[in-house]
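A short worksheet on the structure shown next.
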Amino acid sequence: MKMVTAFNGNMKKAAAGLRRINLDGLRWRVFDAKGQILGRLASQIATVVQGKDKPTYTPNRDDGDMCIVLNAKDVCVTGRKLTDKIYYWHTGYVGHLKQRNLKDQMAKDPTEVIRKAVLRMLPKNKLRDDRDRKLRIFPGSEHPFGDRPLEPYEMPPRSVREMRPRARRAMVRAQKKAEQQQQNADGKKGKNEEAQEESA
């Protein structure tokens, strides 16, 4: 119980809806989001929350495990998604379509980014709310479930594809250009030093 008192976050929010979940026989899986790519992490969480990693999976029953996601603020995205990915919502008033990009959402509440990514991968049916309750996301590494039998989840190895030829050539050109600029800067420094010695 010491771990519960050490948690400094919103305990009411962290434990919300736990009474409505039948915790008998459920495993507590811990996902570390630090350095993980958002979509790949969310797809693994969605699989575990649905119970698709079990041989007893049936689509009409909620057999998924509890998922605790830590370090949500350190999740990564590829490309220009930080500025180009937009979250939309409507207040209900005429013309009040609001929007916020991923960068601003990460600054405001990084847990909501992972929650939306996972929920949008789940089937839209009556089991969705129960699966949402089994998902507990925390921005840092602190959580109030230290007294539970936690199992760290290992992400499957990712095969990185080879870089496309055009991108590889562009990268090589950029490296050569940087080396030439460095050599030119060093050459100018040497000439300036020689000129100063001659004048002295």
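All residue numbers in this chain count up from 1 along the given sequence. What you are looking at is a predicted structure, and each value in this text was computed from that prediction instead of being measured.
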Val69/Arg115 under side-chain contact (heavy atoms from CB on, under 4.5 Å): CA gap, chis, key distance, verdict: CA-CA 10 Å; Val69 185; Arg115 184 176 304 283; over 6 Å; no
Within-4.5 Å side-chain heavy-atom neighbours: Asp132 and Arg128: no
Within one Ile-Leu-Val-Met-Phe-Trp-Tyr cluster: Val49 and Tyr57, side-chain cutoff 4.5 Å: no
Test ring-ring contact (aromatic ring centres under 6.0 Å, His included) applied to His96 - qualifying residues, sequence neighbours left out: Tyr93
Salt bridge Asp130-Arg20, side-chain N to carboxylate O under 4.0 Å: no
Check: Gln50 side chain, Ala46 main-chain N or O, donor-acceptor pair, under 3.5 Å: yes
Note: Arg29-Asp53 ion pair, threshold 4.0 Å (strictly below): yes
Spacing of NZ belonging to Lys116 relative to OG1 belonging to Thr111, to within rounding of 0.5 Å: 10.5 Å
Joint cluster assignment, Val48 & Met121, ILVMFWY side-chain distance < 4.5 Å: no
Connected hydrophobic set around Ile86, excluding itself, where side chains approach under 4.5 Å: Tyr88, Leu97
Audit row: Arg40, Gln36, side-chain contact (heavy atoms from CB on, under 4.5 Å) steps and yes/no: CA-CA 8 Å; Arg40 295 174 186 276; Gln36 297 290 341; 5.9 Å; no
Stepwise side-chain contact (heavy atoms from CB on, under 4.5 Å) check, His143 with Val30: CA-CA 11 Å; His143 64 91; Val30 180; 5.6 Å; no
CA sep, side-chain torsions, deciding dist, call: Leu122, Leu119, side-chain contact (heavy atoms from CB on, under 4.5 Å): CA-CA 5 Å; Leu122 297 177; Leu119 285 184; 3.8 Å; yes
Exercise: identify the closest heavy-atom pair between Pro59 and Leu127: O-CD1, 3.5 Å
Verify same cluster id: Leu135, Ile21 (apolar side-chain graph, 4.5 Å): no
Carboxylate-amine/guanidinium proximity below 4.0 Å for Arg61 and Asp63: yes
Donor-acceptor pair, side chain of Arg131 and main chain of Asp62, under 3.5 angstrom: no
Shared hydrophobic cluster, Leu38 / Phe31 (ILVMFWY, side-chain heavy atoms < 4.5 Å): yes
Hphob cluster co-occupancy, Val118 + Leu102, side-chain heavy atoms under 4.5 angstrom: yes
